[in-house]
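The structure under discussion appears below in the form of structure tokens.
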Protein chains: 2
Amino acid sequence: MVRTTAVRADRKATILSDNARDFTALTRVRAVEPRLPPGNAEGTELHILLESMRLFAHHGYSATSVRHIATAVGIKAPSLYEYFPSKEHILARIVLIGHRDLLAAMENALADCGPDPVSQVRALVRTHVLSHVTYPLLAIVTNDELHHLSPDRAAEALALRERTELIAIEVGRRGVEQGVFEGSELAVTTAAIASMGVRAPYWFVPTPDYGTTDLADSFAELAIRMLKPS
Amino acid sequence: MVRTTAVRADRKATILSDNARDFTALTRVRAVEPRLPPGNAEGTELHILLESMRLFAHHGYSATSVRHIATAVGIKAPSLYEYFPSKEHILARIVLIGHRDLLAAMENALADCGPDPVSQVRALVRTHVLSHVTYPLLAIVTNDELHHLSPDRAAEALALRERTELIAIEVGRRGVEQGVFEGSELAVTTAAIASMGVRAPYWFVPTPDYGTTDLADSFAELAIRMLKPS
DNA sequence: GTCTATAGACGGATAGAC
DNA sequence: GTCTATCCGTCTATAGAC
């Protein structure tokens, strides 16, 4: 392929849209107010986490520079280093919050629930979906940007993820034991149910007529249909 | 109900095939041989597309440099520009291939199918899942890296995506009309079914006992259960 | 705690030899 | 069609003034 002057113009357009990308760039998710579960930070530190989460969710970790974050917060880049020792530490913190929040929510849901596997699946799926669509930017960063962490820094989050998975697996296993759920496809069905919640932050927009709890109820119902023998 | 984990998959293989990149990096997906649907390119051009797709899938578009791509191909960076005018053009090409392949497969599936909405959903879901797990790296780049394209270059792919979605919506609508599917939650259920296939490339590993067609069959069965009134 | 200035590596892309 | 050499901008992070 031959190089032409059009290539140069092309690059210029790219640079321009990078500098002003909030106006022209595509994003992975609709614009929503960035929120984090309460109790995780406050003041400028919280502000940095919120804007980082928003930028990471929309453009990805690698495409987001510390200058972008600083500008969004309203400070200069070196000031960020008063709060976090590196850009990777910011991501690590967000990813950890996301995994902790989901695990705690799942554990609480199961604790507030009877021993019936059907009720337990309903509670877990509802909680899983609600967690993802209540904090959509957090869910997206937690799932999609984790791999930018060094293995050391990812390890803690991955351990939490494993515990969350175990909760789901154990409930499914007990349902099969009791003859309520189909056993032959349990692993695949569990993965399918998880996928529904994981993808929800990318497309779901709550409306007055159909909010986050409605989606959670619908998905819980779907999960039961998927698990029961037909 | 779980965020599926493909992060730790086969790290040694990833290291070896990743050409001196930071050899501790996590990846989003297990290491698999990069493949594209036939007929899209050949020779060095194909080689560039394959290695770019692999690197974009594992590390993301922004974290992959033209030097990484060139090294993986076995040439120097400036030589890439004989084949593609920019890094973004490489991504655009991959994303377009991904969207074209899925749309063509869905159209063919529907064409080879009777008018019964249940058979049609089975065929469409089977095809959707098969397309995603047959070309997992292509599916991941197509879905997750699209937003790095300028709106102009993304437009063609997004138009194809819309046509693919319309096929699914139309089949669902006809099923509701005929009283076979539940109408009240059709949009949400359709999104949930699509999510199952979209996430599959991240976690599914075919084995001799349970291959890609087995997953496609299982997911098709799940989709029918989800759509039918209970 | 915030700034300006800057180090030093790396980014995409181009020129021009062969 | 592949290379070496290079441009120039951006990157993360640090030094040091206030």
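Note: hydrogens, waters and symmetry copies are ignored here, and every other heavy atom, side chains too, is used. Lettering of chains follows the sequences in order, A, B, ..., and the numbering in each one begins at 1.
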What is the distance, rounded to the nearest whole Å, between atom CZ of B:Phe56 and atom C1' of C:dG12?
12 Å
Does the pair B:Arg93/B:Glu45 count as a salt bridge with the N-to-O cut at 4.0 Å?
yes
Please walk me through it: do A:Arg54 and A:Leu137 pass side chain to side chain contact (heavy atoms under 4.5 Å, CB included)?
CA-CA 6 Å; A:Arg54 190 176 60 77; A:Leu137 302 182; 4.2 Å; yes
My understanding is that only one of A:Leu50, A:Leu49, A:Val141 makes a side chain to side chain contact (heavy atoms under 4.5 Å, CB included) with A:Pro34; could you say which?
A:Leu50
Starting from C1' on C:dG11, measure out to CG on B:Leu80 and report it in whole angstrom.
14 Å
Quickly work out the A:Glu45 CD to C:dG1 C1' distance and round it to whole Å.
14 Å
Measure CZ/B:Phe84 against P/C:dG12 and give the value in whole Å, please.
15 Å
In terms of the angle between their ring planes, are B:Phe219 and B:Trp203 parallel, tilted or perpendicular, with boundaries placed at 30° and 60°?
tilted
Could you encode protein contacts along nucleotides 11-18 of chain D as a string, one character per nucleotide from 5' to 3', using B for base contact, S for sugar-phosphate-only contact and - for no contact, with a heavy-atom cut-off of under 4.0 Å?
BBBBB---
Mind calculating the distance between CD1 (B:Ile75) and P (D:dC3) to the nearest angstrom?
7 Å
To the nearest angstrom, how far is A:Glu82 atom CD from C:dG1 atom C1'?
5 Å
Residues in side-chain hydrogen bond (donor to acceptor under 3.5 Å, both in side chains) contact with B:Arg100, at least two apart in sequence or another chain
B:Glu156
Under a plain distance cut-off of 3.5 Å, with no hydrogens placed, do B:Tyr135 and B:Thr142 share a side-chain donor-acceptor pair?
no
Nearest whole angstrom, please: distance from the C1' of C:dG12 to the NE2 of B:His89.
14 Å
